[in-house]
Amino acid sequence: MPSTDSTGPSHTATPTAAALAAAPTAAASSSAPPTADRPIRTQARQAVERAWACAIAEGRLPPLPEDADTPTVDIERPAKPEHGDLSTNLAMKLARPYRRAPLEIARVLADELAREAAEAFNGPLTTPLATAEAVAPGFINLRLSDGALRATIDRILSDPGSWGRVSVPHPQRINVEFVSANPTGPLHIGNARGAFVGDLLCRVLEAAGHTVTREYYFNDFGAQVRNLGASVWALATGKPVPEDGYHGAYVADLARELPAEVRAAAEAATATGEDLAWAVGAWASERVRAGIEASLEHLGVHFDAWKTEGSLHREGWVERAIEKLRAAGHVYEEDGATWFRSTAFGDDKDRVIRKSNGDYTYFASDIGYVEEKFSRGFDHLIYIWGADHHGTVARVRNAAQAMGHDPARVEMILVAWVRFIRDGREISMSKRSGEFITLDELLAEVGVDAARWFFASRAYTSGIDFDIELAKKQSNENPVYYVQYAHARIASILRKAAEAGLSPADSVGGILAGAPEAALARALVRLPEVVEDAAAAEETQGVTAFATDLATTLHAFYRDARVIDRAEPERSRARLALVLATKTTLANALGLLGISAPESM
RNA sequence: GCGCCCGUAGCUCAGUGGAUAGAGCAACUGACUUCGGAUCAGUAGGUCGGGGGUUCGAAUCCCUCCGGGCGCGCCA
């Protein structure tokens with residue numbers, strides 16, 4: 001089925017990638033001051049770095065000793081509001097190499113920061129900071145200036161589409177392979193977590209400036225396909241499914257839908273002694289594969305490339321990879337089989353590439369696939385695997401290294417298992433027996449948005465119990481609706497305002513001096529750094545936490561500040577601008593997770 | 001036996017070197033003649049599995065023990 005091997009670059013130009021490419025231009029043409037181009041936390045870090053350099057230049061701090069490592073400047077988000085909007089522990093890190101008290105160093109740095117802030121107050125805005133305060137045991141607590149907040153929010157208003165997208169210093173072309181379930185039956189709930197985790201990771205990487213290809217890999221020629229064909233053929237000819245065949249209801253559906261030409265081909269194969277199970281299986285597995293693709297699209301997961309194991313052999317990737325390993329001296333023959341010397345790279349045993357009966361192992365395909373992927377120009381390969389595959393991580397990375405690739409560019413993300421529970425009992429999952437709940441059935445019960453939020457808010461390393469009845473019951477209590485409600489509430493306010501003849505201003509102007517406004521502004525400007533952190537950690541819990549926090553802050557603002565007020569149209573229009581920026585931020589955060597942002601609920 | 005992952009509030013989970021460990025749900029007490037009550041304000045709930053160590057500072061790093069999951073194939 002060559003049509004499924006569409007690994008060409010034509011599918012990589014996703015809307016997201018296009019938006020990324022357009023982002024710098026749009027930002028440059030906006031009227032916002034230049035400081036709004038960078039995340040506000042980045043601006044703060046650069047201010048601290050400047051203060052440190054100035055202190056050294058002025059002799060108030062010594063240069064770092066030659067033998068000391070240069071510490072990185074980390075900007076943190078204090079837990080307590082009285083500790084400021086941001087803080088840094090740089091002075092405590094410098095205490096040891098400088099052999100001076102951390103608080104003393106902190107005072108010097110805070111002094112430099114305060115001086116720059118005072119100069120900025122009278123001249124062009126170069127620092128996002130209003131104040132810097134040194135406190136025991138050596139923290140420097142920073143407070144953002146209204147001007148910096150205003151510049152950032154006005155930039156959201158002028159270019160909402162790119163808000164939350166950032167650009168890492170070295171963007172990469174990344175291949176993310178996930179799901180990759182063999183097409184012998186519909187996707188079931190056991191495949192759910194990998195599908196969501198993979199897609200969420202892709203979205204976060206794209207938002208950080210990387211170019212991502214979503215890839216699905218499957219076996220199109222093995223015994224499983226033949227087995228599926230035999231099962232379908234049995235039912236199509238009125239016989240029972242073989243005991244070790246596939247028994248799900250979908251097999252009967254396939255048998256009913258068997259086209260006349262496939263049936264004829266199978267009968268002809270029977271007569272000539274050819275492989276009828278293969279003839280039927282090839283049709284059935286492609287039929288199943290198309291159903292899988294449709295299910296995934298329904299989840300909001302679109303794959304750019306579908307790659308088959310058979311194509312790796314037909315196109316010679318497997319043989320070329322093995323020859324490359326052999327040329328490098330990492331392959332040997334023993335007991336009639338061909339082995340990869342994985343132990344040379346720290347594995348606990350060597351691995352068979354080609355069995356003594358002449359067949360290649362699955363591992364051989366893995367090796368060829370690494371070569372094939374790198375040949376397409378990817379800088380980085382990510383595999384999303386179930387945690388039960390952790391035993392195969394080392395051998396694949398070792399083989400990549402043995403073929404001359406940097407093993408750091410081959411990354412496996414191991415997703416922990418989900419135990420699905422119904423009526424207090426774990427649901428056993430088996431495609432063979434047909435006892436399983438399909439992904440489509442699960443989504444019909446709990447909804448795509450709720451399911452996406454569920455998986456986005458949990459670390460993929462943690463095993464999870466998913467009680468289906470509980471999930472259905474709790475669906476109305478799901479935090480995702482809390483965030484969506486905040487978005488819909490703002491939409492409602494904007495509609496009401498339009499009816500009253502009030503439209504959002506182009507700028508929030510001077511209203512950030514107000515306490516409710518200041519709190520909301522400080523919450524929403526964080527989105528770019530949340531995206532940076534999510535991409536760096538390859539995790540999305542930070543995004544759900546941020547969205548929940550912003551929704552809470554919005555509800556508090558709604559309580560404390562009247563937005564629509566005909567008596568004070570200027571302040572009202574500025575507040576409308578602020579809630580509009582909040583709406584954009586909520587929508588972009590939800591969009592990052594593939595979750596809808598409804599105008600009404 | 002060896003290897004990897006996990007153990008945090010009644011439940012489901014965040015937090016992986018910083019300040020008094022957080023959220024949602026569940027429980028309890030309150031709030032609407034006004035922009036959406038799918039909301040808000042508050043109360044209660046913790047030996048961060050146990051022990052030892054490193055550090056100015058540990059839920060976070062190291063060692064060890066206990067408990068749970070998953071691997072250890074010329075299967076895919």
Side-chain angles (χ1 to χ4, degrees), chain A residues 74 76 78-80 82-83 87-89 92-93 95-96 101-102 135-139 141 180 182 184 218-219 222-224 309 334-339 347-366 386-394 414-417 419 453-454 457-467 470-471 473-474 476-486 488-497 499-500 502 537 539 541-542 544-545 548-549 551-552 554-556 558-566 572 575-576 579 600-601:
Chain A
D74 293 325
E76 299 170 336
K80 289 287 189 180
E82 57 265 35
H83 291 142
S87 72
T88 180
N89 62 356
M92 285 185 280
K93 287 184 174 179
R96 185 183 296 274
V135 297
F139 290 105
N141 293 335
S180 295
N182 277 339
T184 53
F218 63 98
N219 186 317
Q224 293 182 57
E309 187 177 359
E334 190 173 292
D335 300 333
T338 305
W339 298 71
D347 204 349
D348 47 11
K349 60 182 71 169
D350 290 339
R351 306 293 173 176
V352 173
I353 299 172
R354 191 170 197 176
K355 305 182 218 174
S356 51
N357 70 3
D359 289 346
Y360 288 105
T361 62
Y362 189 82
F363 175 50
S365 304
D366 280 340
D388 56 333
H389 283 68
H390 66 77
T392 63
V393 170
L414 300 174
V415 178
W417 257 186
R419 292 199 317 156
W453 185 277
F454 181 85
S457 60
R458 285 152 172 82
Y460 57 74
T461 50
S462 292
I464 291 179
D465 281 357
F466 194 117
D467 187 317
L470 206 59
K473 243 183 288 178
Q474 288 183 347
N476 287 332
E477 314 294 334
N478 193 303
V480 71
Y481 297 114
Y482 178 79
V483 176
Q484 289 180 322
Y485 179 74
R489 188 177 228 181
I490 295 172
S492 173
I493 292 171
L494 291 167
R495 283 193 299 268
K496 274 264 168 34
E499 289 168 15
L502 289 166
E539 292 271 14
Q541 305 93 277
T544 55
T548 304
D549 181 66
T552 297
L554 181 276
H555 289 309
Y558 177 85
R559 182 193 66 226
D560 295 334
R562 178 89 198 173
V563 177
I564 300 172
D565 186 357
R566 281 199 185 85
S572 189
R575 282 180 171 172
L576 283 166
V579 297
S600 64
M601 297 174 68

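Quick caveat: nothing in here was measured; it's all calculated off a predicted structure.
Within 4.0 Å (heavy atoms only), A101(A) reaches no atom of the nucleic acid at all. The residue L414(A) sits apart from the nucleic acid: no heavy atom pair falls under 4.0 Å. Residue contacts for R562(A): at a heavy-atom cut-off of 4.0 Å it reaches a base atom on one of the strands shown. Counting any heavy atom pair closer than 4.0 Å across all strands shown, T338(A) reaches no nucleic acid atom.
Taking atom P on both C66(B) and C28(B), the two are 42 Å apart, rounded to the nearest angstrom. Comparing the same atom, C1', in C75(B) and in C25(B) gives a spacing of 43 Å after rounding to whole Å. The P atoms of U8(B) and U12(B) are separated by 9 Å, rounded to the nearest whole Å. For the P atom pair drawn from A27(B) and C61(B), the interatomic distance equals 36 Å after rounding to whole Å. When the P atom is compared between G22(B) and G15(B), the two are found 15 Å apart, to the nearest whole Å. The same atom, P, is picked in U43(B) and in C4(B); the two are 45 Å apart, to the nearest Å. For the C1' atom pair drawn from U55(B) and C11(B), the interatomic distance equals 36 Å after rounding to whole Å. Here the separation of G46(B) from U33(B), taken at their C1' atoms, is 44 Å to the nearest Å.
One can place CD of Q484(A) at 18 Å from P of G36(B), the figure rounded to the nearest angstrom. As a whole-Å value, the separation of N478(A) CG from C25(B) P is 10 Å. Here G7(B) presents its C1' atom at 14 Å from CZ of R419(A), a figure rounded to the nearest Å. C35(B) atom C1' lies 6 Å from atom CD1 of I493(A), rounded to whole Å. Separating the CZ atom of R96(A) from the P atom of G57(B) is a distance of 11 Å, rounded to the nearest angstrom. W453(A) has its CH2 atom 12 Å from the P atom of C25(B), to the nearest Å. In this structure, the CG atom of D549(A) is 17 Å from the C1' atom of C13(B), given to the nearest Å. For the pair Y460(A) OH and C6(B) P, the computed distance is 10 Å after rounding to whole Å.
For T544(A) and G24(B), the shortest distance from a side-chain N or O to OP1 or OP2 is not below 4.0 Å.
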Annotated structure of RNA chain B as dot-bracket, pair cut-off 3.5 Å, Watson-Crick or G-U only, | for inter-strand, is (((((((..((((....[...)))).(((((.......))))).....(((((..]....))))))))))))....

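For the atom pair NZ of K355(A) and CG of D335(A), the computed distance is 15.0 Å after rounding to the nearest 0.5 Å.
Minimum interatomic distance between F363(A) and R351(A) (heavy atoms only, all atoms of both residues): CE2-CB, 3.7 Å. Across all non-hydrogen atoms, the minimal contact from W339(A) to D350(A) is CZ3-O, 3.6 Å. Between V563(A) and S572(A), the shortest heavy-atom distance links the atoms O-OG, 2.6 Å. The heavy-atom pair separating V579(A) from I490(A) by the smallest distance is O-CG2, 3.4 Å. Across all non-hydrogen atoms, the minimal contact from A387(A) to L414(A) is CA-CB, 4.1 Å. Summarising the geometry of T548(A) relative to Y482(A), their closest heavy-atom pair is O-CE2, 3.8 Å, with the distance given to 0.1 Å.
Judged by distance alone, the side chain of N182(A) and the main-chain N or O of N219(A) form a donor-acceptor pair under 3.5 Å.
Comparing A551(A) and A488(A) along RNA chain B, the residue whose closest nucleotide (by nearest heavy atom) sits nearer the 5' end is A488(A).
One finds no salt bridge joining D565(A) and R575(A) here, because no Lys/Arg side-chain nitrogen approaches an Asp/Glu carboxylate oxygen to under 4.0 Å.
Donor-acceptor pairing under 3.5 Å is lacking for the side chains of S457(A) and Q541(A).
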Write out a two-atom table: protein N or O, nucleotide N or O from nucleotides 15-19 of chain B, distance below 3.5 Å.
| unit_1 | atom_1 | unit_2 | atom_2 | d |
| --- | --- | --- | --- | --- |
| G15(B) | OP1 | Q541(A) | NE2 | 3.1 |
| G18(B) | N7 | N89(A) | ND2 | 3.1 |
| A19(B) | N6 | S87(A) | OG | 3.2 |
| A19(B) | N6 | N141(A) | OD1 | 3.0 |
| A19(B) | N1 | N141(A) | OD1 | 3.2 |

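For the side-chain hydrogen bond (donor to acceptor under 3.5 Å, both in side chains) test, residues two or more places apart in sequence or in another chain that qualify with R419(A) are D465(A). For Y485(A), the ring pair (Phe, Tyr, Trp, His ring centres under 6.0 Å) test picks out H555(A), with sequence neighbours left out. By the salt bridge (Lys or Arg N to Asp or Glu O under 4.0 Å) test, D560(A) pairs with no residue at all, sequence neighbours left out.
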Protein-proximity profile, nucleotides 66-76 of chain B, B/S/- by nucleotide at the 4.0 Å heavy-atom cutoff, equals ----BSSSBSB

